[in-house]
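Worksheet for the structure shown next.
Not measured: the values here are computed from a predicted model. So you know, we letter chains A, B, ... as the sequences are listed, proteins then strands, and number each from 1.
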Amino acid sequence: MSLMQVENITMNFDGLRAVQNFNLDLQEGELIGLIGPNGAGKTTVFNILTGVYIPSQGTVTFAGENITKHAPWQINRSGIARTFQNIRLFDNMTVLDNIKVAMNYQMKYKMFSAVLRTPKYRQEESMVLKESLEMLQLFNLVEKYNFLAKNLSYGEQRRLEIARALTTKPRLLLLDEPAAGMNAKESEELMHLISWIHKKFNLTILLIEHHMPVVMGICQRIKVLDFGQTIAEGTPDEIKNNPKVIEAYLGEEVDH
Amino acid sequence: ASGSSAGGSSAAPAEIKIGLSGPMTGDISDIGQSSKNAAEMAVEEVNAAGGLKIGDKKIPVKLVVGDDENKPESAANVFQKLINQDKVLGIIGPPTSKCANAGAPIAESAGTVMVSSWATNVNVTKDKKFVFRACFIDPFQGLVNANFAADTLKAKKAAVLYDVASDYNKGLAEVFRDEFKKKGGEIVAFESYSTGDKDFASQLTKIKAANPEVLFLPNYYNEVALQLQQAKRLGITAKVLGGDAWDSPKIFDLAGKDLLEGTYFSNHYAADADNADLQKFITKYKEKYKLVPDATGALTYDAIRILFQGIEKAGSTDKKAIRDAVAATTDFKGITGTISYKGSGDPVKSAVMIQITEGKYKYAATVNP
Amino acid sequence: MKIIKSIAFWTVILALGILVEMLGRFEYINPYVIQVLELIGINIILVSSLNIINGFLGEFAIGHAGFMATGAYLSAICTVKFHMPFALGFLAAGLLSGLIAYLIGVPAFKTFGDYLAVITLGFNMIIVNLLNNLEYVGAARGMVGLPKSTNFIWVFCATILTLIIFRNIIFSNYGRIWTAIRENTLAAEMMGINVVRSKMVAFAIAGCFAGLAGALWGHMLQYINPSSFTYLKSTDMLTMLYLGGVGSLTGSVLGAVLMTGLLEILRDLGVWRMVIGPVILVLIMLTKPLGLFGSRELKIVQPKSDREEVQKYVSHAGRKHNNEL
Amino acid sequence: MSYFIQQLLNALQLGSIYALIALGYTMVYGVLGLINFAHGDIFMAGAFFGFFTAYLLKLPLIPTLILSMLLASALGIMIERIAYRPLRKAPRMSLIITALGISLFLENFTRATLGGQPRSFPKLLEIQDFTFLGASVTNLQVVIILVSIFLMLVLRYIVQNTMIGKAMRAVSDNKEVLALMGISLDTVIMVTFGLGSALAATAGILVGLAYPVIDPYMGITVGWKAFIAAVLGGIGLINGALVGGFILGFIEIFAAALLPSTYRDGIAFTILIIVLLLKPTGLLGRPVIKKV
Amino acid sequence: MAMLEVEGLEVTYGNIRALRGISFKVEKGEIVTLVGANGAGKTTTLRTISGMTSAAKGKVTFNGKDLLKTKAHHIVRYGITHVPEGRGMFGNLTVKENLELATWTRKSKAEVKKNFERVFSLFPRLSERINQKAMTLSGGEQQMLAVARALMSQGELILLDEPSMGLAPILVKEIFRILEEINKEGTTILLVEQNAHMALKIATRAYVLETGTVVMEGSGQELSKDMRVKEAYLGG
Ligand SMILES: Nc1ncnc2c1ncn2[C@@H]1O[C@H](COP(=O)(O)OP(=O)(O)OP(=O)(O)O)[C@@H](O)[C@H]1O
Ligand SMILES: Nc1ncnc2c1ncn2[C@@H]1O[C@H](COP(=O)(O)OP(=O)(O)OP(=O)(O)O)[C@@H](O)[C@H]1O
Ligand SMILES: [Mg+2]
Ligand SMILES: [Mg+2]
């Protein structure tokens, strides 16, 4: 079943055409890679899909609904979550609270209940606590629940950001260079983690990444952008051997 | 008051404390400063004579000063502190209506006499038994100016420029407007600004266009200096009138003789009046503080002496007795005029119109209440 | 057991309040001291409500005195013009100020940061200007003759209640949302948070309590005047807030107590008081840039920690994860 | 007609005064993100420096101006050294509150040492009146307007085109990395404060000449107005300060000229708010496109 | 005497001990690389050398000059250039202005001009974006700018903190090629890389850091063959 259709989107910045006629049809449950040289427009595509930018042209349809002009929070509520290329955590909140915030929409109690600490409040808060901890546990962060997010190491911050995005219970998860700043070993672990959550949460995932082992290892399908335009699309093997991609992006020999 | 009061010699205190509340900091701190100066001078004089005479003993006076910052909540604190902690017998000030209004209910409920020097707002003394003042109230000055403009200057068209955010200015301006109209005159421009403004060009240009014969500026002297200057530049030739807030020697400094030439303002006294006490006060004040006293100083001096007189007349430190004695003040010869209280805290006293010529105050007319 | 403990705690607190009130009534405690205590309480309400916006929400509002003014005036109109009981005026003040703050929020949140600061300041100036023109409430002359309805016990209860309410809100979903917005607005939006709405709610709450404080303030002084609510008053509140530590309720209390108390103690210094006061402020900021309490809270303000629940997870941590992988 | 022209001239004068003060304000803001509450008080200090140099040293206008600018720069730099520098790493708000403290200190210290009475500023410039299309203009007004435009251009040149100017703009982006370019942060910030304070002193003296009553609290209202002007134009932007200053001047003058003046402040601020709603980042501020 | 000598360097953040007494040296003309997991203290080491972070203990000398007591902007004048972690853009400045600021310590106009040309030929993308605000560059473009800035100021010793982060594979190779090239021209390099594979390939010598201490050292070749290094950092 098709989950999201991106039709013909174009994004201009002061005469610079960052994305041109971009199309994408995402099937429910897919794990797709989006790669391309620096400045090709990958992050810009993410920004359009999540309502940070409104495209100069084109439409984005998600689960049958046109979300092109929706605000980020509406888009999140309709089931899309993302991480950022430059990590954006709630730095001065604890790891646990970072996750709890992501559950804000699942909490239904009103101000009144909060003030009086009614049973409804207690019940929902303890539900949230429990679920948050479960999530932290999945990402091996429980022990650091009380750390401020900014005091985590880089890799931990990346994991927390993914966990936080997952906590909003999305159907589609957008990951922007999750392996940046990780060494080979760590990105390998991350790769396993991603394919594991892909299965476990039955998610659709769109992944931007420059670490080829990660992309080639887990993506079912890959789309390559250059200068805002799609230059190739296909399975990892097809992409690996596509001369255009080699020339623009991979370079002569593919690093193992 | 007779010897029957509790003020037997054994109970007489070692000193009599009088409180003073005024803005010692903030943008009108010079008003607080001159209140303080004048009050200190009065206290020194009394103490030089051995103190206040209560029964047959002379008791020295001590002045306790509180900074009300020209903020009502601070004035309230100052009043509570003066009354309950320092145990003063009476309070002088605050000179601003804003603070006096906050202090008055406290003085009233604590049964402590308060004599404000310069709070001209009608409400301050309303329904209060313990609250008095030494100055006249806004409506009176507004009336005096309106009458003077209509009757003496024979003006038909008047304009007003006043500070909308300050109740003194606003009070005078509105009464002037109403009274002048009653006299058959026309208010051709009624313009305002806010405290702290320095540029009045827009309003004055409007006034110029309305072509009034009289321009009423019921504002503080420092602002008046700027207003006169800008009015002249814009070519306004109307006769200028003002209120007692003009009365500061600084006005000559700030505005210059030329701009003031021929202007009028209402005041409590005329400096050239042959009032010996007043002349003595001015000389002494100048000597002591190297400054010429302004209206607040003179009014404070009167206010504290009214209180002194009340205490001596009461002959005791009983606050109720002091109140009764102050309320009975008649024909007190103050330096700002002759003061009597007739059933309320507002003095019955006359006002004078002063004209400024050649850098000097010249008596122009007396207006009785 | 826990319930008994907390009942005992609150009984002691309440008893303390009543005791001070009684001692005050029979003049065992100087009315001056009582009044300063009342002022401190009112300032605590003001500062902690400002803290909601500036501390937890992370905006920079500099016109809080405007909300205080609407509360003070509305309650005064209720008691003076309509002879309603103070309690009614008090509630009305809170509601109206909250509503106005909410409405201010509508246009205000098209912009942010220092632009929003100027809008709040502008609102403050507009309110003062309006009050200066409204003859009905005495214009620049202000309103006199407000009944002396504010007494220590009123202020005491209002302060305690305010703090409890704020604490409960801050340590709930609402508070977390505000803090998240403060920390990273875009990320917060990506968590499905309707940022504009959340901000407006925060403004409404802060405005409401500032209005309540205004009502108490007016009925303590029995006199109100537009010029008491200018931006100078707003900056006083800012000073107390940042002195105590922004983002901490404890800090707001401490800031209000210290500033109000300290300036009162220094009152006898006259002119130099306002020289020394700022010097102390600057010194404190230099030594404790985050304010005295930073963003920490006293133990009693913090809710029961989640530790027990967490412990269960920590002990199994890792194992389960690896198994599933 | 002459009425309208007169009001226009009034607006130009008031606007250029706001612009002058807003220039220094916005420059310090642009560099440090600091709402420098003390700026209005350095303006006041500048006026007093001018007052004393003119009275005590009996200097004419230009030397008075230069000396006051130097003294004000020294004061600004000293304040930065003592009160702001230790807070470099602290959050921005701590700095703003410290600035508030410094502001109160300057006001009240001046009040405590020099007294609260207003003083009349010496007449350093022979004021001449002209009539222009039926409206009255003075040479001083012309000077003020020209000076404010001139200083804006100079400042803009410095900030946009010189190395130190680029370094100044870089400070607000990344203080740490600036040092990695071999640039001393302290020097850049010192220059910023020096310049900003000199501008404030210039404004202080021109205002002293135009409105010759000075007192220790004269900086408060004007300081706020300048802040508002800077924000209106787009804070941190040099030409924004000029535009914001002039617009604020126009709003104030014409709100009083065309409508009841008792509501002037209210009307002026309502217009201000409406402008900010239409242009949420100030008149010249570009909408920020967040790159994430 | 080596060009850069670090001896017993200790750095703490509050109560976190980031460096627990590390020692190493860089000889003139070498490429030395520091390898280690997240949080090992690599960034901290570089920051301490360039004066951005202060040390608790130890000694750092550059050509015999004590760096620990020297301010960051003076250290640059000694000839040390640092490409910091997280790129450190001046976001509101244009690409050109960013590059210009890097020439603050360079007096000769001709030299500056030459550097500009060279940088633009290495990163043509930057010359296309010359008047764009750095803030709006893509992640990789920013990374290019950060490296380009270092080339502009052309110190004797360049400290690079993860220069390949966020770059496309083709550019990663390019960066390493550039590093080798400038090294041949006489610039000494101290490199921190997550891409240990590539880093070790070009390195003369390398050190392995673990929780703030040096646990291994050797030539690049040796270490890239070491089993422990392979397992921990090079992945399978
Ligand atoms: N707000 C903006 N204003 C101007 N140009 C922009 C803006 N955002 C992005 N760009 C430009 O658009 C192009 C695409 O940027 P984008 O961030 O999408 O690239 P990317 O594919 O994510 O690259 P990378 O892999 O380096 O992160 C870049 O050249 C960038 O300079
Ligand atoms: N500003 C800071 N405050 C507190 N702790 C810090 C700070 N910076 C670094 N640390 C801690 O110091 C240790 C070393 O950090 P450093 O950044 O030097 O590691 P690194 O080797 O560069 O790691 P990475 O590969 O993730 O960049 C880590 O434990 C980190 O959490
Ligand atoms: Mg990107
Ligand atoms: Mg690092």
Inset, instruction - Of all the heavy-atom pairs spanning E/A168 and A/P37, show the shortest one and how long it is. - result: CB-CA, 4.0 Å

Legend entry - Among the listed options A/E247, A/M182, A/H211, the residue most often paired with chain E at heavy-atom distances under 4.5 Å: A/M182

Inset, instruction - For side-chain contact (heavy atoms from CB on, under 4.5 Å), just list the numbers for A/N86 and E/R87, CA-CA rounded to whole Å, side-chain angles, deciding distance to a tenth of an Å, and then say yes or no. - result: CA-CA 11 Å; A/N86 302 313; E/R87 301 155 192 161; 3.6 Å; yes

Legend entry - Residue pair E/Q132 / A/L16, side-chain heavy-atom distance below 4.5 Å: yes

Inset, instruction - Could you tell me which non-hydrogen atom of E/P169 sits nearest to which non-hydrogen atom of A/L250, and how far apart they are? - result: CB-O, 3.9 Å

Legend entry - Residue selection (most heavy-atom pairs with chain A, distance under 4.5 Å) from E/E162, E/M165, E/E174: E/M165

Inset, instruction - Rounded to the nearest 0.5 Å, what's the gap from CG on A/N151 to CD1 on E/I16? Could you check? - result: 5.5 Å

Legend entry - Heavy-atom contact with chain A under 4.5 Å, split by part of E/N38: both

Legend entry - E/R228 atom CZ, over 12 foreign heavy atoms within 6.0 Å: no

Inset, instruction - Could you check which of A/K42, A/E186, A/E156, A/E177 has the highest count of heavy-atom pairs closer than 4.5 Å to chain E? - result: A/E186

Legend entry - Side chain A/N38, main chain E/S138, donor-acceptor under 3.5 Å: no

Inset, instruction - Identify which part of E/E141 has an atom lying under 4.5 Å from any heavy atom of chain A, answering side chain, backbone, both or neither. - result: both

Legend entry - Per-residue contact mode, A/A248 against chain E (heavy atom under 4.5 angstrom): backbone

Inset, instruction - Might you confirm whether atom CD of E/Q221 has over 12 heavy atoms from other residues, nucleotides or ligands at distances under 6.0 Å? - result: no

Legend entry - Spacing of E/N131 atom CG and A/D14 atom CG [to the nearest 0.5 Å]: 11.5 Å

